[in-house]
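To keep things clear, I will list the structure first and then write my remarks on it.
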2 protein chains.
Amino acid sequence: MEHRIDRIKKQLHAQSYKLTPQREATVRVLLEREEDHLSAEDIYLLVKEKAPEIGLATVYRTLELLSELKIVDKINFGDGVSRYDLRKEGAEHFHHHLVCIECGSVEEVVDDLLGDVEKIIENDWGFQVKDHRLTFHGICKQCQKATVKS
Amino acid sequence: MEHRIDRIKKQLHAQSYKLTPQREATVRVLLEREEDHLSAEDIYLLVKEKAPEIGLATVYRTLELLSELKIVDKINFGDGVSRYDLRKEGAEHFHHHLVCIECGSVEEVVDDLLGDVEKIIENDWGFQVKDHRLTFHGICKQCQKATVKS
DNA sequence: AAACAAATGATAATAATTATTATTATATAA
DNA sequence: TTATATAATAATAATTATTATCATTTGTTT
């Protein structure tokens, strides 16, 4: 964990931003809850446990900054809320998501499955791909089992 | 166009909803501007030209209804606004989008490029895919040319 | 220590969306 | 056809997420 904090610190410094205590507390929450897809409000409440004096606006500002530096990805699953997701270390692209329409669970797919598709987009459409967002909506393993049973 | 209105009318009736004049006006706007990706506010203003007495809430309600019936897809490109996109006739899945990070233009990719990827998701993850959202962010043809010139 | 810039906290403002409510249109049953 | 239930609507209030403002604090440089 400290290693990753360090890396993020360097990424910030490279653009002459500092890792303030508030920013560090926010990053720590993101690291601890890496599997989750937290909203700004969620993150705010969790950061408050570590640093009760922090303001909501600071959390938003920090997330915005981390977003610009591609340290986190801002994603929206269709409810009106933005969620923030740490990029895996060294990952060039944003990972994919499987959203269950029954139970609302969100699973991450880290493999990049879009290599071929991106080639098609670049060759046939002349569109230079920089990043992607891919989300599948469907029924997760658990909910499939539940349906069979009932 | 009348043919497609008719189809939508039937889809509504099948769930015992009616195609009221307000709903029809909304659908007509969506059909006329099929290539665009309009926000609820955009649609409201356009519908008002046909039916000036319509209320914004009705447009929202209509779009919500059409969304549930999978007649339109609600999509969010990262600005805080939901956009509404008619499904192509007979299309099983939502089409893909190419969003230019320079000029903001949005291009549609109607071909379904995800067949193989969906198979992987179903086989390896045991996730039963019902629909997908795929958006590429990058630089469109026009902006690439512009960059070379300058 | 003085001066400057960056970052923060508190809170006001904004924008998108949803809820409420009274009214109107539509369909149904006597 | 008229009475009655139901669905849909317009207007607008309320809510929610996010952004902007601004006074204060922190940290850095000279």
Side-chain angles (χ1 to χ4, degrees), chain A residues 8-9 11-29 37-69 71-85, chain B residues 8-29 37-69 71-85 104:
Chain A
I8 290 169
K9 193 173 184 174
Q11 286 175 270
L12 284 168
H13 284 166
Q15 314 275 331
S16 53
Y17 294 109
K18 314 169 212 171
L19 187 65
T20 62
Q22 291 90 339
R23 286 176 184 165
E24 183 171 334
T26 306
V27 168
R28 280 184 189 278
V29 165
H37 299 83
L38 303 172
S39 68
E41 186 79 27
D42 295 338
I43 294 166
Y44 170 63
L45 292 173
L46 290 166
V47 173
K48 253 184 128 56
E49 291 174 10
K50 291 180 196 300
E53 74 291 353
I54 201 169
L56 176 58
T58 300
V59 173
Y60 269 102
R61 277 185 296 238
T62 300
L63 292 170
E64 187 57 32
L65 177 62
L66 295 173
S67 227
E68 276 167 29
L69 301 185
I71 294 165
V72 308
D73 284 298
K74 192 174 171 182
I75 192 169
N76 192 303
F77 290 129
D79 53 352
V81 198
S82 294
R83 296 173 184 283
Y84 298 86
D85 211 354
Chain B
I8 290 169
K9 192 172 183 174
K10 276 178 199 147
Q11 284 176 274
L12 285 169
H13 284 165
Q15 314 275 332
S16 54
Y17 294 110
K18 312 168 211 173
L19 186 65
T20 62
Q22 291 90 338
R23 287 176 183 164
E24 182 170 335
T26 306
V27 168
R28 280 183 190 279
V29 165
H37 299 83
L38 304 171
S39 68
E41 186 78 27
D42 296 338
I43 295 167
Y44 170 62
L45 293 174
L46 290 166
V47 173
K48 254 183 126 59
E49 293 175 10
K50 291 182 197 299
E53 74 291 351
I54 201 169
L56 176 59
T58 299
V59 172
Y60 270 102
R61 276 184 298 238
T62 300
L63 292 170
E64 188 57 33
L65 176 63
L66 294 174
S67 227
E68 274 166 30
L69 300 186
I71 294 165
V72 308
D73 284 298
K74 192 174 172 182
I75 192 169
N76 193 303
F77 290 130
D79 52 351
V81 198
S82 293
R83 296 173 184 283
Y84 297 86
D85 211 353

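Remember, predicted model here, so these are calculated numbers, not experimental data. Per chain, numbering begins at 1; letters A, B, ... match sequence-line order.
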- Check against side-chain contact (heavy atoms from CB on, under 4.5 Å), A:L65 and A:Q15: CA-CA 11 Å; A:L65 177 62; A:Q15 314 275 331; over 6 Å; no

- Is there a side-chain contact (heavy atoms from CB on, under 4.5 Å) between A:E41 and A:V81 once you walk through the steps? CA-CA 9 Å; A:E41 186 79 27; A:V81 198; over 6 Å; no

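In summary, the side chains of B:R61 and B:T58 do present a donor paired with an acceptor at a separation below 3.5 Å, with no hydrogens or angles considered.
Residue A:L65 contributes atom CG, which lies 12 Å from atom C1' of C:dA6 at whole-angstrom precision. At whole-Å resolution of the value, CD in A:E64 and P in C:dA6 are 18 Å apart. Rounded to whole angstrom, the span from the OH atom of B:Y60 across to the P atom of C:dT20 amounts to 18 Å. B:L12 has its CG atom 13 Å from the C1' atom of D:dA8, to the nearest Å. Straight-line distance from the NZ atom of B:K18 to the C1' atom of C:dT28: 11 Å, rounded to whole Å. The interatomic distance linking B:L38 (CG) with C:dT17 (P) rounds to 13 Å, in whole Å. Regarding B:L19, its CG atom lies at a distance of 15 Å from the C1' atom of D:dT9, rounded to whole Å. Summarising the geometry, the separation between CZ on B:F77 and P on C:dA16 is reported as 17 Å, rounded to the nearest angstrom.
When each of C:dA7, C:dT18, D:dT18 is scored by its nearest atom to the side-chain atoms of A:Y17, the top-ranked nucleotide is C:dA7. Of the candidate nucleotides C:dT17, D:dA10, D:dT18, D:dT18 has the atom nearest to the side chain of A:V81. Checking C:dA10, C:dT8, C:dA19 against the side-chain heavy atoms of A:R23 singles out C:dT8 as nearest.
Both B:A57 and B:P21 lie near DNA chain C, and the one whose nearest nucleotide falls closer to the 5' end is B:A57. Residues A:T62 and A:L56 both approach DNA chain C. Their nearest nucleotides, taken by heavy-atom distance, put A:T62 toward the 5′ side.
More than 12 non-hydrogen atoms from other residues, nucleotides or ligands lie less than 6.0 angstrom from CZ of B:F77. Within 6.0 Å of NZ in A:K9 there are 12 or fewer heavy atoms belonging to other residues, nucleotides or ligands.
Residue A:D85 holds its CG atom at 6.5 Å from CD1 of A:I75, rounded to the nearest 0.5 Å.
OP1 and OP2 of C:dA25 both lie 4.0 Å or more from every side-chain N or O belonging to B:Q22. Residue B:T58 has a polar side-chain atom (N or O) positioned under 4.0 Å from OP1 or OP2 of D:dA10. Side-chain nitrogen and oxygen atoms of A:T20 include at least one within less than 4.0 Å of the OP1 or OP2 phosphate oxygen of C:dT8. Of the side-chain N and O atoms in A:S82, none sit less than 4.0 angstrom from OP1 or OP2 of D:dA17.
Residues of residues 39-55 of chain B that place a heavy atom closer than 4.0 Å to DNA chain C do not occur.
Nearest heavy atom pair, residue B:A40 against residue B:V59, reads O-CG1, 4.0 Å.
In terms of the salt bridge (charged side-chain N to carboxylate O under 4.0 Å, His left out) criterion, B:E68 has no residue partners (sequence neighbours excluded).
Counting non-hydrogen atoms under 4.0 angstrom, A:R61 reaches a base of the nucleic acid.
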